Amino acid sequence: MSNDTFTTTTNKSWFSRMGNAVTGILFGVILFFGSFVLLTWNEGRAIKREKTLKIGAGLVVAVSPDEILAANQGRLVHFSGTAVANGTVTDPLFGIVADALKLRRDVEMYQWDQSEKTTTKEKLGGGTETTTTYSYAKKWSSSRIDSSLFKVPGGHENPAEMSVQGQTFEAPGIHVGAYQLSPYLVQLINNYLARPVTKEESEAASARRSSPVELTTNGALYLGKDPANPVIGDLRITYEQAVSGPVSVIASQVANTLEPFTVKDLGSIELLKVGTLSAEAMFQQEQDGNTLLTWIMRLVGFVMMLVGISLITNILSVVASVIPFLGNVVSA
């Protein structure tokens, strides 16, 4: 085997398995009843959100973004227009400037990664033999992989931190016509496009950091010696930008800004979609999203319930596993 693949074999007695099964019952009960709490909360959340959107759909008023009318103060308004900013947006670390609403810096680090493959065999008498193979490979990852948790950390050490983190930068004064967008609405602008770095920008970034910054063929900044032969700890930095363009908004008009519209005892409404959409279409998209989230949470609750029942009843298969074949039948 190569030095990057290691196999371990462990044996567990029937009494040890019984102890784990008894402990598993406790966690199974928690998961089983926790699933009912989750499902109950989810149904209540879904109903409230549906009612909130239905009420909002009946109250919303179409307005022009070019003029703010005092008569609409505090009302739920809808408009479409072009989102623009009062200036450019800059990444101060590397000096990258974009004529856009938002600039996103994505960072990846070249690191070791561990994968596992486990097989378990039951033995006569109720014990088990577990064989686990740990494999190690180098990969690019946008988050730090903690190598101290590896089964075999020696020779597979990753840096303790990423020297550069991913971050999103926003241009000042993002607005649509006369309306200033709230920080939350700005977050919802997601029409990102790749923003390659130029050779001139790469050279300026090197001078700015007083350390070599290479430029890859696809317009990414590279913090390392050779992009074609990465080593552990090298960083690859790419940029994306959200440019000025049409957006549609539904929110409460407060002076020249926009805030969440609160439906008493139910919830709030503050929506932004990229593109030109009617209020009806926006509310329908939100209702569809609410339905999708409801079914996802139902699935999560069902899985919790199933795992809980499995943990509670696992002791039966452990008891029967004194004879391996019988244990498999009971487990099934």
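Source: prediction; values computed, not measured.
Of the possible polar contacts, none joining the S142 side chain to the V107 backbone as a donor-acceptor pair under 3.5 Å is found. For S64 (side chain) and D66 (main-chain N/O), a donor-acceptor pair under 3.5 Å exists by modelled atom type. At distances below 3.5 Å, at least one donor-acceptor pair connects side-chain atoms of S206 with backbone N or O atoms of V213. A donor-acceptor contact shorter than 3.5 Å is absent between the side chain of T40 and the backbone of V37. Panel note: side chain N191, backbone V243; a donor-acceptor pair is recorded below 3.5 Å. Within the 3.5 Å criterion, the main-chain N or O of E157 finds no donor-acceptor partner in the side chain of S147. In this structure, the side chain of T90 does not engage the main chain of P92 through any donor-acceptor pair within 3.5 Å. Side-chain atoms of H156 never come within 3.5 Å of backbone atoms of D4 as a donor-acceptor pair (strictly under, hydrogens ignored). Looking at S310, its side chain never comes within 3.5 Å of a backbone N or O of L306 through a donor-acceptor pair. At distances below 3.5 Å, not a single donor-acceptor pair connects side-chain atoms of N314 with backbone N or O atoms of A21.
Between L221 and Y239 the shortest heavy-atom distance is CD1-CE1, 4.0 Å. Between A171 and A85 the shortest heavy-atom distance is CB-CB, 3.5 Å. E270 approaches L188 most closely through the heavy-atom pair O-CD1, 4.2 Å. Scanning both residues, V84 and S244, for their nearest heavy atoms gives CG1-OG, 3.3 Å. Taking every heavy atom of both residues into account, T276 and P246 meet most closely at OG1-CB, 3.8 Å. The two atoms that bring F79 and V63 nearest to each other are CB-O, 3.3 Å, heavy atoms only.
Note that the CG atom of L181 and the CD1 atom of I189 stand 5.5 Å from one another [nearest 0.5 Å]. With values rounded to the nearest 0.5 angstrom, L103 atom CG is found 8.5 Å from T168 atom OG1. A distance of 6.0 Å separates OH in Y134 from OG1 in T118, rounded to the nearest 0.5 Å. Interatomic distance, H78 NE2 to L59 CG, rounded to the nearest 0.5 Å: 15.0 Å. Atoms CD and CG, on Q167 and D106 in that order, are 11.5 Å from each other to the nearest 0.5 Å. Distance check, rounded to the nearest 0.5 Å: OG1 of T291 to CD of E286 gives 11.0 Å.
Between the side chains of Y136 and D113, not a single donor N or O lies within less than 3.5 Å of an accepting N or O. Side-chain contact check for R105 and T238: no donor-acceptor pair (N or O, by modelled atom type) lies under 3.5 Å. In this model, no donor atom of one side chain and acceptor atom of the other lie less than 3.5 Å apart for E214 and S202. Between the side chains of D288 and Q284, at least one donor N or O lies within less than 3.5 Å of an accepting N or O. At a cut-off of 3.5 Å, with distance as the only test, no side-chain donor of T131 or T119 sits close to an acceptor on the other residue. Side chains of Y184 and E259: no donor on one and acceptor on the other come within 3.5 Å.
Looking at Y179 and T257, their side chains never come closer than 4.5 Å, going by heavy atoms from C-beta outward. I250 has its side chain out of reach of V77: every pair of non-hydrogen atoms, C-beta onward, lies at least 4.5 Å apart. The closest side-chain heavy-atom distance from P153 to S148 is not below 4.5 Å. Put simply, the side chain of T52 reaches to within 4.5 Å of the side chain of I269, judged on heavy atoms. Side-chain contact check for F261 versus V60: every heavy-atom pair is 4.5 Å or farther apart. Between K117 and S135 the shortest side-chain heavy-atom distance does not fall below 4.5 Å. At a threshold of 4.5 Å between non-hydrogen side-chain atoms, the residues L93 and R209 count as touching.
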Is there a salt bridge (charged side-chain N to carboxylate O under 4.0 Å, His left out) between E201 and R195 once you walk through the steps? CA-CA 12 Å; E201 289 172 330; R195 199 283 189 188; 2.7 Å; yes

Please evaluate residues K102 and Q241 with respect to the criterion side-chain contact (heavy atoms from CB on, under 4.5 Å), reporting the C-alpha separation (whole Å), side-chain torsions for both, the decisive distance (0.1 Å), and the verdict. CA-CA 6 Å; K102 299 163 69 175; Q241 62 183 8; over 6 Å; no

Kindly indicate, with the supporting measurements, whether the criterion salt bridge (charged side-chain N to carboxylate O under 4.0 Å, His left out) is fulfilled by E129 and K12. CA-CA 7 Å; E129 180 181 88; K12 185 178 291 186; over 6 Å; no

Please walk me through it: do N158 and F150 pass side-chain contact (heavy atoms from CB on, under 4.5 Å)? CA-CA 10 Å; N158 289 326; F150 289 172; 4.1 Å; yes

Stepwise ring-ring contact (aromatic ring centres under 6.0 Å, His included) test for Y110 and W140: CA-CA 4 Å; Y110 200 59; W140 289 100; 5.1 Å; yes

Check against side-chain contact (heavy atoms from CB on, under 4.5 Å), Q253 and V61: CA-CA 10 Å; Q253 175 182 308; V61 176; over 6 Å; no

T128 and T120: side-chain hydrogen bond (donor to acceptor under 3.5 Å, both in side chains), yes or no, with the steps? CA-CA 7 Å; T128 59; T120 301; over 6 Å; no

Take Q114 and E116, measure what side-chain hydrogen bond (donor to acceptor under 3.5 Å, both in side chains) needs, and give me the verdict at the end. CA-CA 7 Å; Q114 174 182 275; E116 303 176 25; 3.3 Å; yes

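A cation-pi arrangement is present between R104 and Y192 under the rule of less than 6.0 angstrom and at most 45 degrees off the ring axis.
Residues V29 and M18 fall within the same hydrophobic cluster, defined by Ile, Leu, Val, Met, Phe, Trp and Tyr side chains chained together at heavy-atom separations under 4.5 Å. Hydrophobic cluster membership differs between V249 and V274, with clusters built from Ile, Leu, Val, Met, Phe, Trp and Tyr side chains linked at under 4.5 angstrom. L272 and L76 fall into different hydrophobic clusters, where Ile, Leu, Val, Met, Phe, Trp and Tyr are joined by side-chain heavy atoms under 4.5 Å apart, directly or via other members. Linking ILVMFWY residues whenever their side-chain heavy atoms come closer than 4.5 Å, directly or via other members, places I315 and I312 in the same cluster. Criterion: ILVMFWY side-chain heavy atoms under 4.5 Å apart, direct or through other members. Under it, L293 and L38 are part of a common hydrophobic cluster.
Between R45 and E50, no side-chain nitrogen of the basic residue sits less than 4.0 Å from a carboxylate oxygen of the acidic one, so the salt-bridge criterion is not met. Between R236 and D234, no side-chain nitrogen of the basic residue sits less than 4.0 Å from a carboxylate oxygen of the acidic one, so the salt-bridge criterion is not met. A salt bridge links E43 to R298: at least one charged side-chain nitrogen sits closer than 4.0 Å to a carboxylate oxygen. A salt bridge is defined here as a Lys NZ or Arg NE, NH1 or NH2 lying under 4.0 Å from an Asp or Glu carboxylate O, and E108 with K139 fails to meet this definition.
For N256, the CG atom is densely surrounded, since the number of other residues' heavy atoms within 6.0 Å is greater than 12.
L185 pairs in a side chain to side chain contact (heavy atoms under 4.5 Å, CB included) with only one of the listed residues (I174, L271, L258), which is L258.
Ring planes of F33 and F36: tilted class, angle from 30 to 60°.
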